[in-house]
Amino acid sequence: MENLKQRLAAGPVYGTFSKTSDPFFIEILGKTGFDFAILDCEHGPNDPRTLLPLILAARCGGLLPIVRVSSLSAPDLQRVLDLGVAGVQIPQIATREDAEQAVKAVRFHPSGERGVCRYVRAANYSLMEKPEYFAGQNAEVALIIHIEGAEGLRNLDAILGVEGLDVIFIGPYDLSQSLGVPGEIQHPKVVAAVQEIAAKCRRAGAVAGIFTDSVEAARGWRDAGIGYLAHSVDVGLFASACRGAVAGLRSPRG
Ligand code: 3PY
Ligand code: MG
């Protein structure tokens with residue numbers, strides 16, 4: 001299966017967040033053509049034990065499993081990386097030092113200091129040759145950092161100078177709160193901040209990503225050059241399909 005960096009090189013990629021612990025949902029996301037799912041440990045119920053069946057379901061459906069951890073914590077990142085994920089997504093990166101710490105936690109030597117154990121799923125339970133494991137993980141696993149606060153925005157130029165970041169992900173909801181307009185992701189202040197981040201990424205040759213809760217917004221940001229599009233959340237897609245079905249069922253005889 002192509003990794004995320006290869007898919008990104010070929011054009012925009014589309015995914016959704018997942019806030020369930022149910023592999024059925026993940027398999028459906030793969031079968032319906034998404035590129036990736038972000039298995040959420042920040043605002044979702046998952047931990048390493050519940051993540052494993054989700055990762056297996058994703059891999060068997062051709063879907064890239066990305067895990068959003070709850071914070072920039074090297075031990076948490078290590079446990080997730082050991083499971084054999086396609087990428088990790090780290091919220092609330094605010095400074096160059098945060099970004100450097102993220103690279104250090106996610107990459108093996110010489111780029112970082114990710115903890116080493118060859119008996120984990122990511123190393124095929126020791127069946128993988130050592131050079132293949134270290135170099136392969138460094139090359140294949142995507143590191144995605146969130147810029148979603150006024151401090152991250154101020155420090156973006158310095159953050160973009162850090163080697164080894166694959167996607168700069170804009171969290172419009174946290175950003176809206178940080179800019180004083182919580183939840184108003186269409187507010188001109190938020191839209192201007194998103195445009196500024198996207199433009200800086202473009203100038204730096206970096207891929208930008210964003211969360212959207214409408215397909216129209218996703219297409220708009222894609223057309224503006226954002227390459228990693230996380231549209232909605234599995235439970236939200238399910239809820240809106242259910243609401244639509246119920247409204248249709250209860251509508252008067254026509
Ligand atoms: C945000 O909008 O803050 C996000 O992190 C998207 O999930
Ligand atoms: Mg956020």
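Every number for a ligand or one of its atoms is a count from 1 in the order of the listing. Model, not experiment: these values are computed from the prediction. When reading the values below, keep in mind they use all heavy atoms of this one structure, side chains included, and skip hydrogens, waters and symmetry mates.
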Neighbouring residues of ligand 1, heavy-atom cut-off under 4.0 Å: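 Near ligand 1, by chain and number: F17, R68, H146, E148, G171, P172, Y173, D174, F211.
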Which N, O or S atom of E148 lies nearest to the Mg ion (ligand 2), by name: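 Closest N, O or S atom of E148 to the Mg ion (ligand 2): OE1.
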Straight-line distance of L56 CG to L83 CG, nearest 0.5 Å: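 One gets 9.0 Å once the value is rounded to the nearest 0.5 Å.
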Residue from V106, L77, V162, V167 passing side chain to side chain contact (heavy atoms under 4.5 Å, CB included) with L143: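 Answer after filtering V106, L77, V162, V167: V106.
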D174 backbone or side-chain N/O/S under 2.8 Å from the Mg ion (ligand 2):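 Yes, within the cut-off.
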Atom NZ of K104: over 12 foreign heavy atoms under 6.0 Å: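 Open.
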Passing option when H146 is tested against Q92, Q89, E42 for side-chain hydrogen bond (donor to acceptor under 3.5 Å, both in side chains):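 Per the side-chain hydrogen bond (donor to acceptor under 3.5 Å, both in side chains) rule, the option paired with H146 is Q89, out of Q92, Q89, E42.
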Test: E196 and K200 ion pair at under 4.0 Å: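 Here E196 pairs with K200 in a salt bridge, since their nearest N and O are under 4.0 Å apart.
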Distance-only polar pair, side chains of R118 and Y125, donor-acceptor under 3.5 Å: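 On atom types as modelled, these side chains do not qualify, holding no pair under 3.5 Å.
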Between S18 and D234: side-chain donor-acceptor atoms closer than 3.5 Å: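 Side-chain D/A pair, S18 to D234: present.
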